[in-house]
Amino acid sequence: MSKSGVAILGIFVVDLAFRAGNMPAIGETIAGSGFAMGPGGKGSNQAVAAARAGADVTFISRIGRDAFGDLAIKTWETEGIRPRVARAADAPTGAAFIYVHETRGDNAIIVVSGAADGLGPDDVDAAAEAIRSSRVFVTQLEQPAAAAQRGLEIARAAGSITVFNPAPAGKFDDSLFALCDYVVPNETEAEALTGIAVGDLAGARRAGDALLAKGASVALITLGERGALFHGRDRSLHVPPFAAGKVVETAGAGDAFVGGFAAALADGADPLDAARFGSATAGISVTRAGTAPAMPRRAEIDALLKG
(Lines give C-alpha, C1' and ligand atoms only; values in the text may rest on other atoms or scores of the structure.)
Protein backbone atom coordinates (compact mmCIF):
# COMPACT_ATOMS: atom_id res chain seq x y z
CA MET A 1 0.00 0.00 0.00
CA SER A 2 1.28 3.44 -0.94
CA LYS A 3 1.60 5.61 2.18
CA SER A 4 1.50 9.37 2.48
CA GLY A 5 0.58 12.14 4.86
CA VAL A 6 -0.28 12.18 8.54
CA ALA A 7 -3.24 10.67 10.39
CA ILE A 8 -3.92 12.11 13.84
CA LEU A 9 -6.25 10.69 16.48
CA GLY A 10 -7.18 13.19 19.17
CA ILE A 11 -9.73 15.69 20.35
CA PHE A 12 -11.05 19.09 19.36
CA VAL A 13 -12.03 21.58 22.04
CA VAL A 14 -12.85 25.25 21.98
CA ASP A 15 -10.16 27.18 23.86
CA LEU A 16 -11.40 29.87 26.23
CA ALA A 17 -8.23 31.81 27.04
CA PHE A 18 -8.05 34.36 29.84
CA ARG A 19 -5.03 36.64 30.36
CA ALA A 20 -4.24 37.98 33.84
CA GLY A 21 -1.35 38.75 36.16
CA ASN A 22 -2.07 35.75 38.37
CA MET A 23 -4.49 32.91 38.93
CA PRO A 24 -7.25 33.76 41.44
CA ALA A 25 -7.34 31.95 44.76
CA ILE A 26 -10.41 29.92 45.72
CA GLY A 27 -13.20 32.40 46.46
CA GLU A 28 -11.34 35.29 44.82
CA THR A 29 -12.44 37.26 41.75
CA ILE A 30 -9.83 39.22 39.80
CA ALA A 31 -9.87 41.43 36.72
CA GLY A 32 -8.28 39.98 33.61
CA SER A 33 -6.50 41.84 30.85
CA GLY A 34 -7.65 39.85 27.85
CA PHE A 35 -9.88 37.07 26.51
CA ALA A 36 -9.93 35.02 23.31
CA MET A 37 -11.97 32.07 22.06
CA GLY A 38 -10.79 29.78 19.30
CA PRO A 39 -10.13 26.23 18.11
CA GLY A 40 -7.97 23.96 20.25
CA GLY A 41 -7.46 20.46 21.60
CA LYS A 42 -4.07 18.77 21.40
CA GLY A 43 -4.91 16.50 18.49
CA SER A 44 -6.64 19.18 16.45
CA ASN A 45 -3.83 21.67 17.17
CA GLN A 46 -1.29 19.10 15.97
CA ALA A 47 -3.37 18.53 12.84
CA VAL A 48 -3.41 22.27 12.09
CA ALA A 49 0.35 22.50 12.72
CA ALA A 50 1.07 19.55 10.42
CA ALA A 51 -1.24 20.85 7.68
CA ARG A 52 0.27 24.34 7.74
CA ALA A 53 3.71 22.73 7.61
CA GLY A 54 2.76 21.13 4.33
CA ALA A 55 1.43 17.68 5.24
CA ASP A 56 -1.72 16.04 3.92
CA VAL A 57 -3.64 15.46 7.18
CA THR A 58 -6.55 13.28 8.28
CA PHE A 59 -8.00 13.94 11.73
CA ILE A 60 -9.93 11.27 13.65
CA SER A 61 -12.17 12.32 16.52
CA ARG A 62 -15.67 12.71 17.96
CA ILE A 63 -17.53 16.02 18.48
CA GLY A 64 -21.00 17.15 19.50
CA ARG A 65 -23.86 18.44 17.40
CA ASP A 66 -23.52 22.00 18.67
CA ALA A 67 -22.01 25.39 17.84
CA PHE A 68 -18.55 24.33 19.07
CA GLY A 69 -18.75 21.29 16.79
CA ASP A 70 -19.65 23.54 13.87
CA LEU A 71 -16.52 25.59 14.65
CA ALA A 72 -14.47 22.38 14.48
CA ILE A 73 -15.78 21.54 11.00
CA LYS A 74 -15.14 25.10 9.81
CA THR A 75 -11.59 25.02 11.21
CA TRP A 76 -10.69 21.79 9.41
CA GLU A 77 -12.23 23.01 6.15
CA THR A 78 -10.21 26.21 6.37
CA GLU A 79 -6.96 24.34 7.05
CA GLY A 80 -7.47 21.66 4.41
CA ILE A 81 -7.71 18.88 7.00
CA ARG A 82 -9.72 15.76 6.11
CA PRO A 83 -12.01 14.90 9.07
CA ARG A 84 -12.97 11.33 9.96
CA VAL A 85 -15.19 12.50 12.76
CA ALA A 86 -18.40 11.20 14.38
CA ARG A 87 -20.93 13.72 15.72
CA ALA A 88 -22.66 12.73 18.96
CA ALA A 89 -26.20 13.92 19.71
CA ASP A 90 -25.94 13.17 23.43
CA ALA A 91 -22.64 14.85 24.37
CA PRO A 92 -21.16 18.33 23.86
CA THR A 93 -18.03 19.24 21.97
CA GLY A 94 -15.14 19.71 24.38
CA ALA A 95 -13.88 22.96 25.86
CA ALA A 96 -10.73 24.15 27.64
CA PHE A 97 -10.11 26.90 30.18
CA ILE A 98 -6.66 28.40 29.58
CA TYR A 99 -5.06 30.83 32.00
CA VAL A 100 -2.26 32.81 30.34
CA HIS A 101 0.08 35.03 32.38
CA GLU A 102 -0.24 38.49 30.84
CA THR A 103 3.50 39.19 30.57
CA ARG A 104 5.36 35.86 30.68
CA GLY A 105 2.96 33.84 28.55
CA ASP A 106 3.02 30.90 31.00
CA ASN A 107 -0.18 28.88 31.09
CA ALA A 108 -2.37 26.52 33.07
CA ILE A 109 -5.14 24.53 31.42
CA ILE A 110 -8.31 22.60 32.37
CA VAL A 111 -9.70 20.42 29.56
CA VAL A 112 -13.13 18.80 29.33
CA SER A 113 -13.07 16.36 26.41
CA GLY A 114 -16.85 16.24 25.95
CA ALA A 115 -17.98 13.93 23.16
CA ALA A 116 -14.38 12.86 22.49
CA ASP A 117 -14.32 11.21 25.92
CA GLY A 118 -16.50 8.55 24.32
CA LEU A 119 -13.92 7.68 21.64
CA GLY A 120 -13.25 3.97 21.79
CA PRO A 121 -11.48 1.23 19.83
CA ASP A 122 -14.56 0.74 17.62
CA ASP A 123 -14.39 4.38 16.49
CA VAL A 124 -10.71 3.92 15.65
CA ASP A 125 -11.44 0.70 13.73
CA ALA A 126 -13.96 2.66 11.65
CA ALA A 127 -11.09 4.94 10.54
CA ALA A 128 -8.54 2.14 10.17
CA GLU A 129 -8.02 2.65 6.44
CA ALA A 130 -6.99 6.28 6.99
CA ILE A 131 -4.45 5.12 9.59
CA ARG A 132 -3.07 2.30 7.44
CA SER A 133 -2.57 4.57 4.43
CA SER A 134 -0.75 7.28 6.41
CA ARG A 135 3.02 7.53 6.48
CA VAL A 136 2.85 8.87 10.06
CA PHE A 137 0.27 8.25 12.78
CA VAL A 138 0.04 10.52 15.84
CA THR A 139 -2.02 10.28 19.01
CA GLN A 140 -2.14 11.63 22.58
CA LEU A 141 -4.07 10.98 25.81
CA GLU A 142 -6.82 13.60 25.84
CA GLN A 143 -9.12 10.85 24.51
CA PRO A 144 -9.28 7.47 26.30
CA ALA A 145 -6.04 5.48 26.31
CA ALA A 146 -7.80 2.43 24.82
CA ALA A 147 -8.51 4.42 21.65
CA ALA A 148 -4.90 5.64 21.48
CA GLN A 149 -3.62 2.08 21.89
CA ARG A 150 -5.89 0.75 19.15
CA GLY A 151 -4.72 3.45 16.77
CA LEU A 152 -1.09 2.65 17.50
CA GLU A 153 -1.75 -1.07 17.01
CA ILE A 154 -3.31 -0.48 13.58
CA ALA A 155 -0.53 1.87 12.52
CA ARG A 156 2.27 -0.42 13.73
CA ALA A 157 0.75 -3.46 11.97
CA ALA A 158 0.52 -1.44 8.74
CA GLY A 159 4.12 -0.22 8.93
CA SER A 160 3.28 3.43 9.51
CA ILE A 161 5.59 5.58 11.67
CA THR A 162 4.03 5.91 15.13
CA VAL A 163 4.29 9.05 17.28
CA PHE A 164 2.81 9.02 20.79
CA ASN A 165 2.47 12.28 22.73
CA PRO A 166 1.55 11.09 26.27
CA ALA A 167 -0.28 14.26 27.23
CA PRO A 168 -1.80 14.84 29.60
CA ALA A 169 0.19 12.26 31.56
CA GLY A 170 -2.27 9.61 32.71
CA LYS A 171 -2.51 5.92 33.42
CA PHE A 172 -2.13 3.47 30.57
CA ASP A 173 -0.67 0.02 30.05
CA ASP A 174 3.10 0.08 29.56
CA SER A 175 2.67 -2.31 26.63
CA LEU A 176 1.71 0.78 24.63
CA PHE A 177 5.36 1.96 24.60
CA ALA A 178 6.41 -0.97 22.41
CA LEU A 179 4.06 0.36 19.72
CA CYS A 180 5.86 3.71 19.61
CA ASP A 181 8.58 4.67 17.18
CA TYR A 182 8.67 8.02 18.98
CA VAL A 183 7.29 8.90 22.40
CA VAL A 184 7.19 12.69 22.79
CA PRO A 185 6.54 13.90 26.35
CA ASN A 186 7.43 17.26 27.85
CA GLU A 187 9.50 17.55 31.03
CA THR A 188 6.53 17.17 33.38
CA GLU A 189 5.12 14.21 31.50
CA ALA A 190 8.51 12.49 31.29
CA GLU A 191 8.89 12.78 35.06
CA ALA A 192 5.35 11.49 35.62
CA LEU A 193 6.01 8.48 33.39
CA THR A 194 9.43 7.60 34.79
CA GLY A 195 9.68 9.12 38.28
CA ILE A 196 12.90 10.85 37.17
CA ALA A 197 13.17 14.63 37.50
CA VAL A 198 13.98 16.34 34.20
CA GLY A 199 15.75 19.45 35.46
CA ASP A 200 18.60 19.38 32.96
CA LEU A 201 19.88 17.40 29.98
CA ALA A 202 21.40 14.73 32.22
CA GLY A 203 18.03 14.19 33.88
CA ALA A 204 16.32 14.13 30.49
CA ARG A 205 18.74 11.43 29.33
CA ARG A 206 18.02 9.33 32.42
CA ALA A 207 14.30 9.70 31.79
CA GLY A 208 14.90 8.85 28.14
CA ASP A 209 16.70 5.65 29.14
CA ALA A 210 13.71 4.70 31.29
CA LEU A 211 11.30 5.28 28.38
CA LEU A 212 13.47 3.17 26.07
CA ALA A 213 13.51 0.44 28.73
CA LYS A 214 9.69 0.49 28.65
CA GLY A 215 9.84 -0.32 24.93
CA ALA A 216 9.82 2.98 23.01
CA SER A 217 12.26 3.15 20.09
CA VAL A 218 13.09 6.85 20.59
CA ALA A 219 12.28 9.27 23.42
CA LEU A 220 11.93 12.83 22.13
CA ILE A 221 11.56 14.95 25.25
CA THR A 222 10.59 18.59 24.77
CA LEU A 223 12.30 20.95 27.20
CA GLY A 224 10.48 24.26 26.74
CA GLU A 225 12.85 27.17 26.25
CA ARG A 226 15.80 24.73 26.24
CA GLY A 227 14.66 22.93 23.09
CA ALA A 228 14.38 19.13 23.12
CA LEU A 229 16.36 15.93 23.63
CA PHE A 230 16.38 13.32 20.85
CA HIS A 231 17.28 10.13 22.75
CA GLY A 232 17.58 6.84 20.88
CA ARG A 233 19.48 3.62 21.37
CA ASP A 234 22.26 4.70 18.99
CA ARG A 235 22.36 8.49 19.52
CA SER A 236 21.35 11.08 22.10
CA LEU A 237 21.46 14.67 20.89
CA HIS A 238 20.25 18.04 22.14
CA VAL A 239 17.92 19.81 19.71
CA PRO A 240 18.38 23.55 20.33
CA PRO A 241 15.46 25.96 20.59
CA PHE A 242 14.77 28.54 17.90
CA ALA A 243 14.24 32.15 18.95
CA ALA A 244 11.76 33.78 16.58
CA GLY A 245 10.81 36.82 18.66
CA LYS A 246 9.26 37.81 21.98
CA VAL A 247 7.39 34.99 23.73
CA VAL A 248 3.69 35.86 23.90
CA GLU A 249 2.06 32.54 24.82
CA THR A 250 3.42 29.04 25.38
CA ALA A 251 0.09 27.17 25.23
CA GLY A 252 0.19 25.03 22.11
CA ALA A 253 3.98 25.03 21.74
CA GLY A 254 4.17 21.29 22.36
CA ASP A 255 1.45 20.69 19.78
CA ALA A 256 3.35 22.84 17.28
CA PHE A 257 6.45 20.73 17.91
CA VAL A 258 4.61 17.42 17.44
CA GLY A 259 2.73 18.61 14.35
CA GLY A 260 5.86 19.99 12.73
CA PHE A 261 7.83 16.85 13.60
CA ALA A 262 5.14 14.61 12.10
CA ALA A 263 4.92 16.70 8.92
CA ALA A 264 8.68 16.53 8.41
CA LEU A 265 8.72 12.75 8.98
CA ALA A 266 5.91 12.36 6.45
CA ASP A 267 8.00 14.37 4.01
CA GLY A 268 10.84 11.86 4.39
CA ALA A 269 13.15 13.92 6.63
CA ASP A 270 15.83 12.31 8.78
CA PRO A 271 14.31 11.98 12.29
CA LEU A 272 16.82 14.40 13.85
CA ASP A 273 16.16 16.95 11.10
CA ALA A 274 12.43 16.42 11.70
CA ALA A 275 12.98 17.20 15.40
CA ARG A 276 14.77 20.43 14.43
CA PHE A 277 11.83 21.26 12.15
CA GLY A 278 9.47 20.66 15.08
CA SER A 279 11.57 22.90 17.31
CA ALA A 280 11.46 25.70 14.74
CA THR A 281 7.69 25.28 14.41
CA ALA A 282 7.31 25.64 18.18
CA GLY A 283 9.72 28.59 18.26
CA ILE A 284 7.48 30.57 15.94
CA SER A 285 4.22 29.52 17.60
CA VAL A 286 5.13 30.98 21.01
CA THR A 287 5.48 34.46 19.50
CA ARG A 288 1.72 34.53 18.79
CA ALA A 289 -1.47 34.38 20.84
CA GLY A 290 -3.82 31.41 20.59
CA THR A 291 -3.07 27.73 20.03
CA ALA A 292 -4.22 26.61 16.58
CA PRO A 293 -4.14 30.19 15.19
CA ALA A 294 -0.47 30.48 16.26
CA MET A 295 0.74 27.62 14.07
CA PRO A 296 3.17 28.85 11.39
CA ARG A 297 3.20 28.15 7.66
CA ARG A 298 5.85 26.03 5.94
CA ALA A 299 7.61 29.03 4.38
CA GLU A 300 8.04 30.66 7.81
CA ILE A 301 9.52 27.48 9.29
CA ASP A 302 11.92 27.02 6.38
CA ALA A 303 13.04 30.64 6.65
CA LEU A 304 13.79 30.28 10.37
CA LEU A 305 15.75 27.06 9.79
CA LYS A 306 17.81 28.70 7.05
CA GLY A 307 18.38 31.89 9.07
Side-chain angles (χ1 to χ4, degrees), residues 3 6-11 41-47 50 58-62 84 111 113 116-128 130-132 134-196 198 204 206-222 228-233 254-255 257-259 261-262 265-266 271 274-275 278:
K3 293 183 178 294
V6 180
I8 299 179
L9 168 68
I11 78 167
K42 294 195 72 61
S44 186
N45 287 343
Q46 291 167 9
T58 299
F59 184 61
I60 303 160
S61 192
R62 191 169 182 263
R84 290 294 303 268
V111 177
S113 298
D117 198 44
L119 269 170
D122 288 347
D123 297 290
V124 181
D125 283 336
I131 297 172
R132 292 190 185 102
S134 67
R135 187 165 189 178
V136 180
F137 172 73
V138 181
T139 192
Q140 329 73 30
L141 287 176
E142 284 187 329
Q143 79 288 322
Q149 179 152 353
R150 183 59 185 143
L152 289 165
E153 288 170 348
I154 293 169
R156 173 52 63 89
S160 301
I161 299 168
T162 54
V163 179
F164 176 44
N165 174 217
K171 292 183 179 180
F172 57 87
D173 195 300
D174 274 4
S175 63
L176 191 150
F177 284 106
L179 300 170
C180 304
D181 291 311
Y182 302 93
V183 58
V184 192
N186 65 17
E187 300 154 290
T188 303
E189 293 148 5
E191 180 173 353
L193 291 170
T194 66
I196 298 169
V198 182
R206 289 192 295 272
D209 283 338
L211 292 169
L212 298 189
K214 289 176 181 289
S217 296
V218 173
L220 180 54
I221 302 174
T222 59
L229 176 70
F230 184 100
H231 189 74
R233 301 182 192 283
D255 298 333
F257 184 100
V258 171
F261 176 65
L265 287 177

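- Expressed to the nearest 0.5 Å, how far CD1 of Ile131 lies from CD1 of Ile8 amounts to 11.5 Å.
- Distance check, rounded to the nearest 0.5 Å: CD of Gln149 to CG of Leu141 gives 10.5 Å.
- Remark: Phe172 pairs with Phe164, Phe177 by the ring pair (Phe, Tyr, Trp, His ring centres under 6.0 Å) rule, at least two apart or across chains.
- Annotation: side chain to side chain donor-acceptor pair (under 3.5 Å) contacts involving residues 209-219, sequence neighbours excluded, comprise Asp174-Lys214, Asp209-His231.
- Listed by chain and residue number, Ser175 satisfy the side chain to side chain donor-acceptor pair (under 3.5 Å) test with Asp173 (two or more places apart in sequence, or in another chain).
- Contact annotation: the side chain of Pro168 never approaches that of Val111 to less than 4.5 Å [non-hydrogen atoms, C-beta and beyond].
- In this structure, the side chain of Arg62 does not engage the main chain of Gln143 through any donor-acceptor pair within 3.5 Å.
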*Decide yes or no on side chain to side chain contact (heavy atoms under 4.5 Å, CB included) for Val124 and Ile60, but give the supporting numbers first.*
CA-CA 8 Å; Val124 181; Ile60 303 160; 5.5 Å; no
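- Ser61 contributes atom OG, which lies 7.5 Å from atom CG of Leu9 (distance to the nearest 0.5 angstrom).
- The minimum heavy-atom distance linking Pro144 with Asp117 is given by the pair CG-O, 3.2 Å.
- The shortest heavy-atom contact between Phe230 and Ala275 is CD1-CB, 4.2 Å.
- Scored by the salt bridge (Lys or Arg N to Asp or Glu O under 4.0 Å) test, Arg150 finds Asp125, Glu153 as partners (sequence neighbours excluded).
- Every pair tested for salt bridge (charged side-chain N to carboxylate O under 4.0 Å, His left out) that includes a residue from residues 136-145 fails, sequence neighbours excluded, so the list is empty.
- Taking every heavy atom of both residues into account, Val136 and Ala266 meet most closely at CG2-N, 3.6 Å.
- Looking at every heavy atom in both residues, Leu211 comes nearest to Ala219 through CD1-CB, 3.9 Å.
- For Asp181, the salt bridge (Lys or Arg N to Asp or Glu O under 4.0 Å) test picks out Arg156, with sequence neighbours left out.
- A 4.5 Å side-chain heavy-atom check between Leu229 and Val198 finds every atom pair outside the cut-off.
- Listed by chain and residue number, Ala169 satisfy the side chain to side chain contact (heavy atoms under 4.5 Å, CB included) test with Ala192 (two or more places apart in sequence, or in another chain).
- Taking both residues in full, the closest heavy atoms of Leu152 and Cys180 are given as CD1-SG, 4.3 Å, listed atom of the first, atom of the second, then distance.
- A search for side chain to side chain donor-acceptor pair (under 3.5 Å) contacts involving Asp255 returns Lys42, Asn45, Gln46, not counting sequence neighbours.
- Expressed to the nearest 0.5 Å, how far OG of Ser134 lies from NZ of Lys3 amounts to 6.0 Å.
- Separating the CD atom in Glu187 from the CD1 atom in Ile221 is a distance of 9.0 Å, to the nearest 0.5 Å.
- For Thr58, the side chain to side chain donor-acceptor pair (under 3.5 Å) criterion is met by Arg82, not counting sequence neighbours.
- Partners of Phe261 under the ring pair (Phe, Tyr, Trp, His ring centres under 6.0 Å) rule, at least two apart in sequence or in another chain, are Tyr182.
- Residues meeting the side chain to side chain contact (heavy atoms under 4.5 Å, CB included) test with Ala210, sequence neighbours left out: Thr194, Ile196.
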*For Leu265 and Val163, what are the C-alpha separation, side-chain angles and deciding distance, and is it a side chain to side chain contact (heavy atoms under 4.5 Å, CB included)?*
CA-CA 10 Å; Leu265 287 177; Val163 179; 4.2 Å; yes
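- Listed by chain and number, the residues in a side chain to side chain donor-acceptor pair (under 3.5 Å) with Thr222 amount to none (sequence neighbours excluded).
- Taking CG from Asn186 and CD from Glu191, the interatomic distance works out to 10.5 Å, rounded to the nearest 0.5 Å.
- When all heavy atoms of Leu220 and Ala228 are compared, the closest pair comes out as CD1-CB, 4.4 Å.
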